[in-house]
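Reading through the C-alpha cells given below for one structure.
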Amino acid sequence: MIVPVLDDQPTDDPADDLRPRDPAQDAAAPDDGPPQPRPTPRAVVQSFGMLAAAVLVGVLAVMPAPYAVNGPGPTTDVLGEVDGEPLIEVEGADTYPSTGELRLTTISGVGGPGYPAYLLNVLRGWLSPASVVRPVEDVYPQDASREEIEESNAGLMVSSQENATVAALTELGYEVPATLVVAGTVEGTDAEGKLEEGDVLTAMDGEPLPDYQTLVSRLAQVEPGDTVTLTVTRHSRTLDVPVVTGEREGGGAQIGVFIDPSFEMPVDVSINIEGIGGPSAGTMFALGLIDLLTPEDEAGGQVIAGTGTIDVTGAVGPIGGIRQKLAGAVRDGATWFLAPSDNCDEVVGHVPDGLRVVEISTLHEAREAMVAIGAGEGDDLPTCTAG
C-alpha cells in the first residue's frame, strides 16, 4: 500500500499515518498555521552569498596582510625610573634632580617578520590619522628573520647609548680618550690595500689623534683629493701611510676607512631600558645625561619630547616615523618636541595641536633649546618650516 506524503507531514515512518490516533492528542496539537512558501532561488543565492562573504572576512581577519602598519608608540622619561631603578645611572660623578621630563619617543608597528599585520590592523591604520600603512617590502628587508631584525635593532640601541654618553660628556667638557681601530676600508678608495683591519690610528700629519672628535675636526680642514699621512700601529710596529682623501657623502673629505673606536669613559654610565631598539633615542639619552650631571634644572618642570640619532661628535641625524612620534608625544603630555632638522619636511603641516616643534641639528643646539624651554624663553627657538 502506498501512502501519499504531503509537504507538511513527517516522513520518518509512513506507517505512523495508518495508526489510530488519540483524539485528545490531536486536540492538544498546536496549529502550525498555513504552509510556509519555499525560498526562491534568488533568496537562496543571497543567503549563500552572505555566508560566503562572512567566511571570507573571517579568513582575511586571521590571514597575514602584505602591509606594515606603524602608529604612535609609548614614550619614556629618560630622567625617570624603570621598575624602580633610574633609567640613567651614573657612577663617578655627582648627579642632580630635575623637575621636568625628557621623553624619548617610539613607534609601534606590526607587519614585520614574526609580527604579521592582519586585516583589522590594516583597516585601523587606514582610519587613524596618526598611523601609516605601507607595503611590507618598503619597510622590512624580506630576507631577514625576526631574530635578525631584533638583533640588529638591539645593536643599534647599544651603539646609540655609547654615542650619547660620549657626546654628552664631551659637551660638558670631559675628555673622552679613544683608541681608533680600523674595522675595514671603503672599496675603491686609496686606503684600500694600504690600511688593514686592526690597524690603530695614532696620528695624522704628525699630529696625535687622542680621540675620535680630533680625527673629525682634522678632516674638516682637509680638501677632498688632498694627501694625508696616517700614523698607524700594526702588529706592534709603527707605520706612516700616505692616503689620498676622497669626498664624503654630504661634503668634506674622508680617508676611506671604517673606525671602531674604543672609548675610555671618565665616568660610568648605564642606561636601563628594554623593549626598545634602534638608534633614534640617542639625542634624548644625551640630553638626559647632561641634565643629570649639571646642578641647573635645565628642563625646569617642562615636558619635552624628542628624537634623533646622535654620533660621538654630537651631530643629530634623521629618524623614521616622525609623525607617529609627534602624536605619541602630545598624547603623553609633552608640549615641546625636539626634531632633527633633516626631518623637517615631514614635520611641516603635521604638528598636533598643543605641541611646539623645535628644529635641532646638534646636541649643543638641543641643550640650548632645553635650557630656553625650562627658563620659559622658548618662543623664539627655531621651528620647522616648509623648504
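If you're wondering where the values come from, they're calculated on a predicted model, not measured in any experiment. Numbering starts at 1 and runs along the sequence shown.
A donor-acceptor contact shorter than 3.5 Å is absent between the side chain of T105 and the backbone of K325. Distance alone, capped at 3.5 Å, places no donor-acceptor pair between the T362 side chain and the G314 backbone. A donor-acceptor pair under 3.5 Å is formed between the side chain of Q213 and the backbone N or O of V312. Between the side chain of S108 and the backbone N or O of G73, no donor-acceptor pair lies under 3.5 Å. Distance alone, capped at 3.5 Å, is enough to place a donor-acceptor pair between the R323 side chain and the E346 backbone. Put simply, the side chain of N163 gets close to the backbone of I310: a donor and an acceptor are under 3.5 Å apart. Side-chain atoms of S128 never come within 3.5 Å of backbone atoms of G125 as a donor-acceptor pair (strictly under, hydrogens ignored). Using a distance-only test at 3.5 Å, with no hydrogens or angles considered, no donor-acceptor pair links the side chain of D291 to the main chain of D297.
For the atom pair E247 CD and E223 CD, the distance stands at 9.5 Å (nearest 0.5 Å). Annotation: the span from C384 atom SG to D345 atom CG amounts to 8.5 Å, rounded to 0.5 Å. Between atom CD1 of residue I304 and atom OG1 of residue T335 there is a gap of 7.5 Å, rounded to the nearest 0.5 Å. From F337, atom CZ reaches atom CZ of R356 across 14.0 Å, with rounding to the nearest 0.5 Å. Taking NE2 of H235 as the start and CZ of R237 as the end, the distance is 7.5 Å to the nearest 0.5 Å. D311 CG to S159 OG: the interatomic distance, rounded to the nearest 0.5 Å, is 10.0 Å.
For the side chain to side chain donor-acceptor pair (under 3.5 Å) criterion with T231, the lone passing option out of T202, D240, D205 is D240.
A cation-pi contact, defined as under 6.0 Å to the ring centre and within 45° of the axis, is absent between R134 and Y67.
Side-chain heavy atoms closer than 4.5 Å link hydrophobic residues (I, L, V, M, F, W, Y) into clusters, and following such links, possibly through other members, connects V267 to V166. A continuous path of hydrophobic side-chain contacts links L180 to V222 [ILVMFWY only; heavy atoms under 4.5 Å]. By the criterion of side-chain heavy atoms lying less than 4.5 angstrom apart, applied directly or through intervening Ile, Leu, Val, Met, Phe, Trp or Tyr residues, M284 is grouped together with L169 in one hydrophobic cluster. Residues V371 and L287 fall into different hydrophobic clusters, defined by Ile, Leu, Val, Met, Phe, Trp and Tyr side chains chained together at heavy-atom separations under 4.5 Å. Tracing side-chain contacts under 4.5 Å through hydrophobic residues (I, L, V, M, F, W, Y), one never reaches V69 starting from V136; they form parts of separate clusters.
Side-chain atoms of T245 and V228, non-hydrogen and from C-beta on, do get closer than 4.5 Å to each other. With contacts defined as side-chain heavy-atom distances shorter than 4.5 Å, the pair L79/L292 qualifies. No side-chain heavy atom of P177 sits under 4.5 Å from any side-chain heavy atom of F263. Taking 4.5 Å as the limit, every side-chain heavy atom of E359 sits out of range of all side-chain heavy atoms of T383. Residues M265 and V176 meet the side-chain proximity criterion, which asks for heavy atoms closer than 4.5 Å. Taking 4.5 Å as the limit, every side-chain heavy atom of V243 sits out of range of all side-chain heavy atoms of V257. Between T179 and V200, some side-chain heavy-atom pair lies under the 4.5 Å cut-off. V241 has its side chain out of reach of T229: every pair of non-hydrogen atoms, C-beta onward, lies at least 4.5 Å apart.
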(request) For V244 and D226, run side-chain contact (heavy atoms from CB on, under 4.5 Å): C-alpha distance rounded to whole Å, both residues' side-chain angles, the deciding distance at 0.1 Å, then the answer. (result) CA-CA 6 Å; V244 179; D226 289 350; over 6 Å; no

(request) Give the C-alpha distance, both sets of side-chain angles, the deciding distance and a yes or no for side chain to side chain donor-acceptor pair (under 3.5 Å) between D332 and T75. (result) CA-CA 7 Å; D332 291 351; T75 69; 2.6 Å; yes

(message) For E196 and R234: C-alpha separation, side-chain torsions, deciding distance, then whether salt bridge (Lys or Arg N to Asp or Glu O under 4.0 Å) applies.
(response) CA-CA 8 Å; E196 299 179 0; R234 179 184 298 167; 3.6 Å; yes

(request) Could you check V316 against S361 for side-chain contact (heavy atoms from CB on, under 4.5 Å), going step by step and ending with a plain yes or no? (result) CA-CA 5 Å; V316 175; S361 59; 5.6 Å; no

(message) Walk me through whether L87 and I273 qualify under side-chain contact (heavy atoms from CB on, under 4.5 Å).
(response) CA-CA 7 Å; L87 190 146; I273 192 165; 4.1 Å; yes

(message) Between T185 and K194, is the side chain to side chain donor-acceptor pair (under 3.5 Å) condition met? List the steps.
(response) CA-CA 9 Å; T185 57; K194 291 184 175 181; over 6 Å; no

(message) Determine whether L293 and T95 satisfy the following criterion, side-chain contact (heavy atoms from CB on, under 4.5 Å), listing intermediate values before the conclusion.
(response) CA-CA 5 Å; L293 289 174; T95 58; 4.2 Å; yes

(request) Begin with the C-alpha distance, continue with both residues' side-chain angles, and end with the deciding distance and a verdict on side chain to side chain donor-acceptor pair (under 3.5 Å) for E150 and N153. (result) CA-CA 5 Å; E150 289 179 345; N153 284 336; over 6 Å; no

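A donor atom on one side chain and an acceptor atom on the other are found under 3.5 Å apart for T294 and E298.
Between N272 and P86, the shortest heavy-atom distance links the atoms ND2-O, 2.9 Å. In plain terms, the two heavy atoms of M157 and I276 that are nearest each other are CE-O, 3.4 Å. Minimum interatomic distance between I255 and A191 (heavy atoms only, all atoms of both residues): O-CB, 3.2 Å. Taking each heavy atom of E148 and S145 in turn, the nearest pair found is OE1-N, 2.9 Å. Heavy atoms only, all atoms of each residue included: A65 and V122 are closest at CB-CG2, 3.9 Å. Of all heavy-atom pairs between F285 and S160, the closest is CE1-OG, 4.2 Å.
Residues R367 and E171 are paired through a salt bridge, judged by an N-O separation under 4.0 Å between the basic side chain and the carboxylate.
In this structure, E296 places its CD atom where more than 12 heavy-atom neighbours from other residues, nucleotides or ligands lie under 6.0 Å away. Residue E192 places its CD atom among more than 12 non-hydrogen atoms of other residues, nucleotides or ligands, all under 6.0 Å distant. No more than 12 heavy atoms of other residues, nucleotides or ligands lie within 6.0 Å of CG in D380, so this atom counts as exposed by the packing criterion.
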